[in-house]
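Here the structure is a predicted model, which means the values were calculated and not measured. The chains referred to below are lettered A, B, ... by the order of the sequence lines, with proteins before strands, and numbering in each begins at 1.
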Amino acid sequence: DTEVTQTPKHLVMGMTNKKSLKCEQHMGHRAMYWYKQKAKKPPELMFVYSYEKLSINESVPSRFSPECPNSSLLNLHLHALQPEDSALYLCASSDIQGLGQPQHFGDGTRLSIL
Amino acid sequence: AQKITQTQPGMFVQEKEAVTLDCTYDTSDPSYGLFWYKQPSSGEMIFLIYQGSYDQQNATEGRYSLNFQKARKSANLVISASQLGDSAMYFCAMRAQAGTALIFGKGTTLSVSS
C-alpha cells in the first residue's frame, strides 16, 4: 500500500467535461508534485507546491489547474482536455529538508480522453 | 543544468542472475542526491535506493546496491539474484537542491525470465 492516495484510479472523460484528480498524503510532507507520464516514458513534471504555494509550473496548458487546499491535499482540475492529454497522472510528496528525501508516489490516475 | 542518462532501453536476464542497470549523470553542483525507482506495469513508482554525493560507501538495500563512481559520474543499480517480480521499468533520478523535484532518466525496461 502506498502512503500517497490518488483518486480515482481510472477516469474516462469527454473533451467538454470538467473533472478533478485528488491526491492525499498524511506523512507531513510540505512539497507535493503532479507528473504526467506517457507509456514507456519518464514522468514529466507539471507542478510543484511548497508549503501549499505553487512554486513551479512547467508551462502546463491552462486546461490543467492545480489546487492545494491544505498541506495534505492536492487537486488537479481538468477542463476541455485534448486526446493527447490521455496519460497516467502521478502525484508525489516529499519532505522539503535535505537532498536525500525520496519522493513518495501514489498509484496514479489513468486518464483517457474521448 | 542537471541531466540523467540511461542508455539501455531494455535488459534481459534469467532468474537468479545479477544484472546492472546503467545511469550516468551531469551536474555542476558539488552536492546532489541520486535515486533509483522501479515502476511495474501496474504504474506505481517504488523508491528503491538512494546515494548522496558525499557518501563514502555505496548504498545497499537488500538485493539492490548502487555502484557509485563519482569521478565517472555514474550511479549504476545492481540487482542480485533476479526474480520474476523484478520485471519492470527502472528509472534513475537526481536532485541538487533540497525540496526540488527529481529529474528522471528515460528508464530501462528489465525483463526477467525463468
Exercise. Taking the side chain as every heavy atom from C-beta outward, state whether A:Pro42 and B:Gln39 have any atom pair closer than 4.5 Å.
Key: no
Quiz item: How about B:Phe104 and A:Glu44: do any of their side-chain heavy atoms sit closer than 4.5 Å?
Solution: no
Please say whether more than 12 non-hydrogen atoms of neighbouring residues, nucleotides or ligands are located less than 6.0 Å from [atom1] in [X].
X        : atom1 : result
A:Lys18  : NZ    : no
B:Lys106 : NZ    : no
A:Met15  : CE    : no

Quiz item: Picking from A:Ser50, A:Ala31, A:Pro43, A:Ser94, which has the most non-hydrogen pairs under 4.5 angstrom with chain B?
Solution: A:Pro43
Exercise. Pick whichever of A:Pro102, A:Ser55, A:Gly98 has the most heavy-atom pairs under 4.5 Å with chain B.
Key: A:Pro102
Quiz item: Mind checking which of residues 8-16 of chain B sit less than 4.5 Å from chain A, heavy atom to heavy atom?
Solution: none
Of the backbone (N, CA, C, O) and the side chain (C-beta and beyond), which part of [X] lies under 4.5 Å from a heavy atom of chain A, both, or neither?
X       : result
B:Ser53 : neither
B:Ser41 : backbone
B:Ala93 : neither

Exercise. Report yes if the distance between the aromatic ring centroids of A:Phe105 and B:Phe47 is under 6.0 Å, otherwise no.
Key: no
Taking all non-hydrogen atoms of both residues into account, name the closest pair between [X] and [Y] and its distance.
X       : Y        : value
B:Phe91 : A:Lys41  : CZ-O, 3.6 Å
A:Val48 : B:Ala101 : CG2-CB, 4.2 Å
A:Lys40 : B:Met89  : O-CE, 3.6 Å

Exercise. Would you mind checking which part of A:Gln37 comes under 4.5 Å of any heavy atom in chain B, side chain (CB onward), backbone (N, CA, C, O), both or neither?
Key: side chain
Quiz item: Checking A:Arg110 against chain B: side chain, backbone, both or neither under 4.5 Å from a heavy atom?
Solution: side chain
Hey, quick one: are [X] and [Y] part of the same hydrophobic cluster, counting side-chain heavy atoms closer than 4.5 Å, chains of contacts allowed?
X       : Y        : value
A:Leu88 : A:Leu74  : no
B:Leu66 : B:Leu48  : yes
B:Ile46 : A:Tyr35  : no
A:Met32 : B:Leu102 : no
B:Tyr64 : B:Val19  : yes

Self-check item: Qualifying side chain to side chain donor-acceptor pair (under 3.5 Å) pairs, either residue in residues 76-85 of chain A, two or more places apart
Solution: A:Ser20-A:His77, A:Arg63-A:Asp85, A:Glu67-A:His77
What is the distance from atom [atom1] of [X] to atom [atom2] of [Y], rounded to the nearest 0.5 Å?
X        : Y        : atom1 : atom2 : answer
A:Leu99  : B:Tyr54  : CG    : OH    : 9.5 Å
A:Gln101 : B:Thr100 : CD    : OG1   : 12.0 Å
A:Asp107 : B:Met45  : CG    : CE    : 12.0 Å

Quiz prompt | Flag, side chain of B:Tyr37 to backbone of A:Gln103, donor-acceptor distance under 3.5 Å | solution = yes
